[in-house]
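Presented below is the structure to which this report refers.
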Amino acid sequence: MSKRIWIIAGFAVAAAAGLGMPGVAVAQVAPDQKLSKVAPHVAGLPQLTPPGGRIHILPTVTGAAALAKALADTGPLLYHGGPIMQTATIYTIFWLPPALQNGGPTSIPQHYALVNIYLVADYPFHGIDNNNTQYFQTVGTTTTYILNAGGFGGFAVDTSPYPASGCTDTATPGNCITDAQIQAEIQKVMASKGWTGGLNNQFLLYTSSGEGSCFDATSTSCAYVGPNGFCAYHGSIGTSPPIIYSNMPFGNLSTCQRPGQPSPNGDPVADAETSI
């Protein structure tokens, strides 16, 4: 870890009340944005099928096993003509109100936040990121490859309250936010920080322990539970430019960590989250 990143990340979390940081002053944004494409449903797979939207989920351990069983190896990834993220500048948002919707305590431990900040700060230019440089886009006669480039765009800690539960996650009774509420929070923080969207920026929203999420009010696809359960997902908001974002529920060892998975940072919950 470079000294520069240590100073940035260390100040970000150490200065925060509760992580201990003051909340960001932000204006409300109506949750009226929708994802841009229709997601086909494949029978037997643990995936979300939002009306009018497409996302990519990272399933629970059980869901991943079902996915592996349902799909045979189809060979290398195929390019289908769409745009790619040529670089990745990554922003982290920690949403840590004083309390959950049911009045229970919230928690995002300092070390948990630091591990996740370090991951996104160190990933661009790391040797692991070289794996992505084999992929490309073609526009007309011009082929452009993904670059091992980008960086850590910044962080925010928002201590404003969670909205009233818009869904029912049985793993976190009484405490549940929908994708629309997640999108609204991300756009709200972006506006307060002056951050902009685009195909080369990605925004990761981390929520407290005890806070669940479902894709919508039907509560058929929720964090941690059920055949369509997820440990995280990423998608896009159809603004111009688009906003690429990820919902990062708090690390759950019982459903989101494989048995025997190592903890290189000595923090199994944080390492389970970085793996996701």
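Within the 4.5 Å cutoff, no side-chain heavy atoms of Ile57 are placed close to those of Phe215. Taking the side chain as every heavy atom from C-beta outward, Gln187 and Thr239 approach each other to under 4.5 Å. You'll find the side chain of Tyr91 stays beyond 4.5 Å of the side chain of Tyr245, heavy atoms only. For the pair Glu185 and Asp158, the minimum side-chain heavy-atom distance is below 4.5 Å. Between Trp195 and Phe203 there is a side-chain heavy-atom pair separated by less than 4.5 Å. At a threshold of 4.5 Å between non-hydrogen side-chain atoms, the residues Thr172 and Glu211 do not count as touching. Within the 4.5 Å cutoff, side-chain heavy atoms of Leu204 are placed close to those of Ile90. Two residues are said to be in side-chain contact when any heavy atoms from C-beta on lie closer than 4.5 Å; Ser219 and Thr168 meet this criterion.
Formation of a donor-acceptor pair under 3.5 Å by the Gln137 side chain with backbone atoms of Gly81 is not found in this model. Under the 3.5 Å distance criterion, the side-chain polar atoms of Trp95 are matched with a main-chain donor or acceptor of Ser160. Within the 3.5 Å criterion, the main-chain N or O of Gly150 finds no donor-acceptor partner in the side chain of Thr89. A donor-acceptor pair is defined here as one N or O able to donate and one able to accept, closer than 3.5 Å; such a pair exists between the side chain of Ser165 and the backbone of Gly174. Of the possible polar contacts, one joining the Asn148 side chain to the His126 backbone as a donor-acceptor pair under 3.5 Å is found. With hydrogens and angles disregarded, no donor-acceptor distance shorter than 3.5 Å links the side chain of Gln101 to the backbone of Ala164. Although no hydrogens or angles enter the test, the distance criterion places no donor-acceptor pair under 3.5 Å between the side chain of Gln257 and the main chain of Ser254. Not one N or O on the side chain of Ser208 forms a donor-acceptor pair closer than 3.5 Å with the backbone of Leu96.
A donor and an acceptor atom, one from each side chain of Asn252 and Tyr224, are nowhere located under 3.5 Å apart. In the model, Asp271 has no side-chain atom that pairs as donor or acceptor with a side-chain atom of Tyr112 under 3.5 Å. A donor-acceptor contact under 3.5 angstrom links the side chains of Asn247 and Ser213, judged on distance only. One side chain, Asp179 or Tyr233, offers a donor N or O that lies under 3.5 Å from an acceptor on the other. A side-chain N or O of Gln261 and one of Ser275 form a donor-acceptor pair less than 3.5 Å apart. A donor-acceptor pair shorter than 3.5 Å can be found between the side chains of Thr220 and Thr218.
Between Ser221 atom OG and Asp216 atom CG the span is 7.0 Å, to the nearest 0.5 Å. Note that the CD1 atom of Ile237 and the CD1 atom of Ile186 stand 5.5 Å from one another [nearest 0.5 Å]. Rounding to the nearest 0.5 Å places CD1 of Ile93 at 11.5 Å from OG1 of Thr207. Within the model, atoms CZ of Arg258 and CG of Leu253 stand 14.0 Å from one another, a figure rounded to the nearest 0.5 Å. We find the CD1-CG distance between Ile244 and Asn201 to be 9.0 Å, quoted to the nearest 0.5 Å. For the atom pair CZ of Phe230 and OG1 of Thr255, the computed distance is 10.5 Å after rounding to the nearest 0.5 Å.
Linking Ile, Leu, Val, Met, Phe, Trp and Tyr whenever their side-chain heavy atoms come within less than 4.5 Å leaves Phe152 and Leu147 in two separate clusters. By the rule that hydrophobic residues join a cluster once side-chain heavy atoms approach within less than 4.5 Å of another member, Leu199 and Met190 end up as members of separate clusters. In the hydrophobic clustering of this structure, Leu119 does not group with Met85; members are Ile, Leu, Val, Met, Phe, Trp, Tyr whose side-chain heavy atoms approach within less than 4.5 Å, directly or through other members. Put simply, Val157 and Val115 are part of two different groups of oily side chains (I, L, V, M, F, W, Y) that touch within less than 4.5 Å, one to the next. Ile117 and Phe125 fall into different hydrophobic clusters, where Ile, Leu, Val, Met, Phe, Trp and Tyr are joined by side-chain heavy atoms under 4.5 Å apart, directly or via other members.
Close placement of the Tyr206 and Phe94 rings is indicated, their centers lying within 6.0 Å of each other. Here the two rings, on Tyr79 and Phe136, have centers that are under 6.0 Å apart.
Under the 2.5 Å cut-off for SG-SG separation, Cys176 and Cys214 do not qualify: their sulfur atoms lie farther apart than that. Cys pair Cys222 and Cys167 fails the test of SG atoms under 2.5 Å apart.
Heavy atoms only, all atoms of each residue included: His234 and Ser246 are closest at CB-OG, 3.2 Å. Heavy-atom minimum distance, Leu205 versus Ile182: CD2-CG2, 3.6 Å. Residues Gly197 and Pro241 come closest through the heavy atom pair C-CG, 3.8 Å. Of all non-hydrogen atoms in Pro59 and Gly63, the two that sit nearest each other are CB-C, 4.0 Å. For the residue pair Ala88 and Pro124, the shortest heavy atom distance occurs at O-CG, 3.8 Å. Considering every non-hydrogen atom in both Gly212 and Asp169, the closest pair reads CA-OD2, 3.6 Å.
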> Passes side chain to side chain contact (heavy atoms under 4.5 Å, CB included), Tyr162 versus Leu100? Steps please.
Replying inline: CA-CA 7 Å; Tyr162 289 130; Leu100 300 169; 4.0 Å; yes
>> side chain to side chain contact (heavy atoms under 4.5 Å, CB included), that's the test. Do Val139 and Thr144 meet it? Break it down for me.
In response: CA-CA 8 Å; Val139 179; Thr144 306; over 6 Å; no
